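Structure first, commentary second.
Source: prediction; values computed, not measured.
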Amino acid sequence: MPDESVAGQAPPPAPGRRRRRPRGRHHRALVVTAWTAAGLTLLGGIGLGYVYVTLNGNIKGIDINSVLGADRPRDKADGSMDLLLLGSDSRSGANAEYGHEDGAARADTAMVVHVYKGHRKASVVSIPRDTLVDRPACADGKGRTVPAASGEMFNVAYEVGGPSCAVKTVEAMSGIRMDHYVEVDFTGFKKLVDTLGGVKVTTTRAIDDPRSRLTLAAGTHTLDGEQALGLVRTRHGVGDGSDLGRIELQQAFLRALLDRIKGVGLFSDPTKLFGVADAATGAVTTDSDLDSVTKLAGFAGGLKNIGSDDLTMITLPVRYDPADPNRVLPLTRQDTMVWNALKADRPIPAAAVDGSAADQRDTAGIVGDRP
């Protein structure tokens, strides 16, 4: 596993290149799905059987447990829960308009979400997609085994071995068993934001990024789905164009999204609830333990009390790779502090992020979730 040699110090940029700084805090629709799914029992009580059929048909499931088998970290029974949340950047199908690639999917966004015992608070650890890690050998779910690789970008695990390989890589990094897997796609994310009537954010600086199709003046905005997607994807419109800076924007937007979910009055408006639930369930792919309305609603029941103020969000402690300023390396000592805290169901210590390149970003405060 790559280790730190001079913790917290960024290497000088290569001649003629600007240094990329790592990420900040995180993104998309885990608790959104939880909040909307929690209201499905209300819709069922109204007697709308077609609602169940429609929403159940939206959910796509993957049997990750059978692919990974028994060679995994021990499953804890302390009342806490851990899951991997991915945002896929596949450019195939309906997402083709957002890129020029060959349709291969990569883990554009990755968060480990630890829900503490009692399910009233959670910690979110964003994993920079450009982090160089040691990836274990993976079964890809199609009868093939992908050989292990050392010093490979984190997001390649999803590209070469799919969701199960992404889960296995995170479990190898953290020593924590992922209880669940949730993946969100571009077009589903847009539809969800539009169904909510937009999400309000405040920008302290102008953002102009043609690549993510986002132009915003400084001030308060209610973002529609296209603008929201541009915000969580932008790297070149803020700061120094780093992937780490983008995580800061993603995490700020996630807080705003959760506040919008709470404030939209879903449980008093069955029509609005169905629309949001339809968008949310259509946006996600889950592990097979969550791939039905009944399962998802049960899962959601344990998360509906978690709001934006109940989330602690960090970026996995990293340093710049001396050989390539566009890559980052794990800070092993600090990362171990993070994972050990979550294993013990304790808060992440502040010392864990000291010296991390993600803590030196210049994008903090660009986007807030409140005016």
Side-chain angles (χ1 to χ4, degrees), residues 25-45 55 59 61 64-65 72-86 110-127 167 170-171 174-184 192 251 254-267 273 276-277 280-281 283-314 338-349 352 369:
R25 326 201 171 196
H26 220 298
H27 160 30
R28 301 184 198 186
L30 159 70
V31 188
V32 174
T33 303
W35 266 87
T36 54
L40 298 181
T41 51
L42 172 63
L43 289 170
L55 300 183
I59 304 170
I64 289 174
N65 290 333
R72 303 179 66 185
R74 182 174 58 88
D75 193 4
K76 296 181 298 180
D78 60 0
S80 66
M81 180 175 63
D82 297 278
L83 61 97
L84 176 61
L85 173 63
L86 289 186
M111 294 191 281
V112 172
V113 182
H114 177 82
V115 181
Y116 291 95
K117 180 180 179 180
H119 291 201
R120 292 187 174 275
K121 291 186 177 295
S123 284
V124 177
V125 180
S126 297
I127 302 176
V167 170
V170 169
E171 291 185 344
S174 66
I176 300 173
R177 184 186 181 105
M178 296 294 107
D179 298 297
H180 294 296
Y181 171 83
V182 177
E183 180 181 328
V184 184
L192 176 62
Q251 291 179 342
L254 175 60
R255 291 183 183 277
L257 188 59
L258 296 184
D259 286 342
R260 177 60 176 159
I261 289 287
K262 275 194 169 184
V264 79
L266 296 181
F267 298 107
L273 175 59
V276 174
T281 52
V284 299
T285 299
T286 73
D287 63 271
S288 56
D289 289 336
L290 297 178
D291 64 357
S292 73
V293 169
T294 302
K295 294 174 182 177
L296 200 55
F299 165 75
L303 298 182
K304 65 180 180 180
N305 292 320
I306 298 177
S308 62
D309 293 334
D310 303 313
L311 294 176
T312 298
M313 295 182 171
I314 71 162
V338 171
W339 301 132
N340 283 348
L342 299 189
K343 279 188 232 180
D345 201 39
R346 296 195 309 265
I348 297 170
D369 51 343

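- Two residues are said to be in side-chain contact when any heavy atoms from C-beta on lie closer than 4.5 Å; Glu171 and Leu84 fail this criterion.
- Nearest approach of Ser174 to Lys343, heavy atoms of both residues: O-CE, 3.2 Å.
- Taking every heavy atom of both residues into account, Val113 and Ala122 meet most closely at CG1-CB, 4.5 Å.
- Side chains of Lys121 and Thr312 form no contact here, defined as non-hydrogen atoms less than 4.5 Å apart.
- Atom CG of Asn65 sits about 12.5 Å away from atom CE of Met178, to the nearest 0.5 Å.
- In terms of modelled atom types and a separation under 3.5 Å, the side chain of Arg255 and the main chain of Leu311 share a donor-acceptor contact.
- Asp289 is not listed as a side-chain neighbour of Phe299, based on a closest heavy-atom distance of 4.5 Å or more.
- When all heavy atoms of Pro349 and Ala341 are compared, the closest pair comes out as CD-CB, 3.9 Å.
- Asp287 approaches Tyr181 most closely through the heavy-atom pair OD1-N, 2.8 Å.
- Between Val112 and Ile176 the shortest side-chain heavy-atom distance does not fall below 4.5 Å.
- By the 4.5 Å heavy-atom criterion applied to side chains, Ile348 and Val125 are counted as neighbours.
- Looking at Asp78 and Lys117, their side chains never come closer than 4.5 Å, going by heavy atoms from C-beta outward.
- Put simply, the side chain of Asp82 never gets that close to the backbone of Asp179: no donor and acceptor are under 3.5 Å apart.
- Counting only heavy atoms from C-beta outward, the side chains of Val124 and Leu85 never approach each other to under 4.5 Å.
- A distance-only check finds no donor-acceptor pair linking the side chain of Arg120 to the backbone of Asp310 [under 3.5 Å].
- Under the side chain to side chain donor-acceptor pair (under 3.5 Å) criterion, Asp291 pairs with Lys295, sequence neighbours left out.
- The two residues Leu342 and Ser123 come nearest to each other via the heavy atoms CD2-CB, 4.1 Å.
- The two residues Arg74 and Arg177 come nearest to each other via the heavy atoms O-CB, 3.9 Å.
- Summarising the geometry, atom CD1 belonging to Ile59 is positioned 7.0 Å from atom CG belonging to Leu55; distances are rounded to the nearest 0.5 Å.
- Shown here are the ring-ring contact (aromatic ring centres under 6.0 Å, His included) partners of His119, two or more places apart in sequence or in another chain: there are none.
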